[in-house]
Amino acid sequence: MKYSIKSQLILTFLGLIVVMFGLNLLINNVWLEKFYIRQKQADMVQIYDQINKYEDYADYQTESFDKLIQGIQDRESVDMIILKPEHDGSAAVIYESRDDLLMRGRIEGYFRGFIITDDTQDVLRKTDRYRIQKFHDSIDHMDYLESFGVFENGCYFLLRLPIQSIRENVKIANKFTTYIILAGILLSIIMVWWLSRRISKPVQELTAISKRMANLDFDAKYMSGGKNEIGQLGENFNQMSDTLERVISELKTANNELQMDLEKKVQLDEMRKEFLSNVSHELKTPIALIQGYAEGLQECINDDEQSREFYCEVIVDEASKMNRLVQKLLTLNQLEFGNDVVNMERFDLMELLQGVVQSAGLLADQKDAVIELSMKNAEGESFCKEASQKEIKLPSLYVWGDEFKIEEVATNYVSNALNHVEGDKRILVSAQTQGDKVRVTVFNTGQQIPQEDIDKIWVKFYKVDKARTREYGGSGVGLSIVKAIMDSHHQRFGVSNVSDGVEFWFELENAGKETEER
């Protein structure tokens, strides 16, 4: 990411570190020498004050003076010489830190008032007793910091410190600082990279979760934990995910109810008329049979036990068919009138289809038919199993819908396929992801549906082959129930003839990416 938090943190902290170390190096180069000279200037004043306490030059021969001078030599890298003026106008050396003719000649020149014109001098501090200055010695061509003057006891002194040593110390300090800067930058890069990774990793996880939530994938959860602000934000994301899933489920349910209410008023009168007409027509035949056989029993047309038992079986069978028809009509009536609420929820479609296929396995065995279940996900991966392979579980595929009603749709499709399977006696139930939709198809080998009947099979009580429908006890209501359920979900469904059979299908809204195999 071009403007990632990790990159910004690294660049910001690294920039601050480079600026800080750069300023430190600049300060050392520009002001360290001046600071060092100022400090040495203060040391020279302190040395003057300490020696000036000795009121008589004879005290310079005492043990305490020796200790003082020794301490100064140990503490400060400074050369020192002290002269005592004589009555004849000459001067005697009382103390000198080392035998240096140039230094001795310079203090005698100061004592006698000589000025070396070739020297370059820069007076830093001047009092009536001493002067501190920087100068360039034209004789040995070196720069010095020196202090010269007279003590209160009349003795002259000269303190001198080569500036070159100061510069070498500054150079060494700068070199050492440079190494520290490089090591500090390297260590800082490692620490900032580690810190930015600690900060950016949970932020990246939250970004990925928000993207999945934007695509209505509410299985996304924040797993990194933590008790800081990012950890609390992750917990809020998890709560928001659960809340959004519940709210969207409620909104979808409410939306379906609203659409059904709008359509219900328009269709109400027409549905009543159509329902009464079809029920009257469908119940007329079984009622007539029941009445005829019941009157035959009443009038004792057949006296033998076997005939009476046959009459009773016909009556029971027709009454059972009427009961099933009434139950289906009541279900269909509830769906079409909107009395049965569609509870939209997110469920595993493949688990539902596996249950339907396994339930139909016994009837398939009786008909010597084979039922297969397959799926193809968005990545193009295919999975397949037969109904008898109960131990094999296909990957999950989540959709939005009323799970119990969708199960009834799938059951009607599979039952219809079993009733019409012929030839190779093969039934294939499949699910395939198609963008934001999932299409379920139920294929069976056998005769195709006449083209003129394809649009009519969804109408209540319509039968393509009435003789065959009567043979397996069909009422012509099952596909009408499918239509009512899919209309209540506002989803597409249909049927088409294929090369070796018929394929029924319906679609549902995709509720998220397929999970790994359960």
Side-chain angles (χ1 to χ4, degrees), residues 1-47 70-79 97-98 122 124-125 132-137 140-147 159-209 222-234:
M1 188 179 294
K2 184 176 180 181
Y3 301 105
S4 66
I5 293 177
K6 184 177 180 181
S7 300
Q8 293 181 31
L9 282 174
I10 291 176
L11 292 176
T12 300
F13 280 101
L14 188 58
L16 287 174
I17 291 167
V18 170
V19 170
M20 290 174 62
F21 283 133
L23 287 174
N24 188 20
L25 190 61
L26 179 64
I27 290 171
N28 283 350
N29 283 320
V30 176
W31 289 291
L32 182 58
E33 181 178 338
K34 295 179 180 179
F35 175 79
Y36 203 91
I37 290 175
R38 183 182 294 272
Q39 186 65 40
K40 289 301 179 182
Q41 178 183 338
D43 293 340
M44 287 182 173
V45 173
Q46 185 180 13
I47 293 172
Q70 186 63 43
I72 293 173
Q73 293 297 321
D74 293 341
R75 186 174 66 253
E76 308 291 345
S77 299
V78 60
D79 295 328
S97 57
R98 64 188 179 90
D122 180 13
L124 304 178
R125 183 170 182 176
I132 301 175
Q133 64 183 15
K134 284 196 307 180
F135 77 96
H136 176 77
D137 195 325
D140 62 4
H141 304 290
M142 290 185 64
D143 294 331
Y144 291 94
L145 177 67
E146 71 174 11
S147 174
L159 301 176
R160 191 171 68 174
L161 177 68
I163 294 179
Q164 184 63 31
S165 64
I166 298 176
R167 290 172 179 165
E168 289 177 356
N169 290 336
V170 171
K171 185 177 180 180
I172 293 173
N174 287 338
K175 189 174 182 180
F176 178 74
T177 302
T178 302
Y179 292 146
I180 293 296
I181 289 173
L182 294 177
I185 290 176
L186 180 60
L187 181 62
S188 299
I189 290 174
I190 296 173
M191 293 183 64
V192 170
W193 179 85
W194 176 80
L195 178 63
S196 63
R197 189 170 181 269
R198 284 285 304 268
I199 296 174
S200 63
K201 185 178 179 181
V203 173
Q204 290 172 350
E205 182 180 352
L206 289 172
T207 302
I209 291 173
Y222 178 75
M223 304 300 295
S224 295
K227 297 182 180 180
N228 55 15
E229 291 82 354
I230 296 178
Q232 294 177 359
L233 180 60

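Fair warning: this is a prediction, and the values are worked out from it, not measured in the lab.
L159 has its side chain out of reach of L161: every pair of non-hydrogen atoms, C-beta onward, lies at least 4.5 Å apart. Between D43 and Q46 there is a side-chain heavy-atom pair separated by less than 4.5 Å. Residues L124 and Q133 fail the side-chain proximity criterion, which asks for heavy atoms closer than 4.5 Å.
Looking at M44, R125, Q41, K40 one by one, the single match for side chain to side chain contact (heavy atoms under 4.5 Å, CB included) with S147 turns out to be M44.
Separation of atoms CD1 (I72) and CD1 (I47) is listed at 5.0 Å; rounding is to 0.5 Å.
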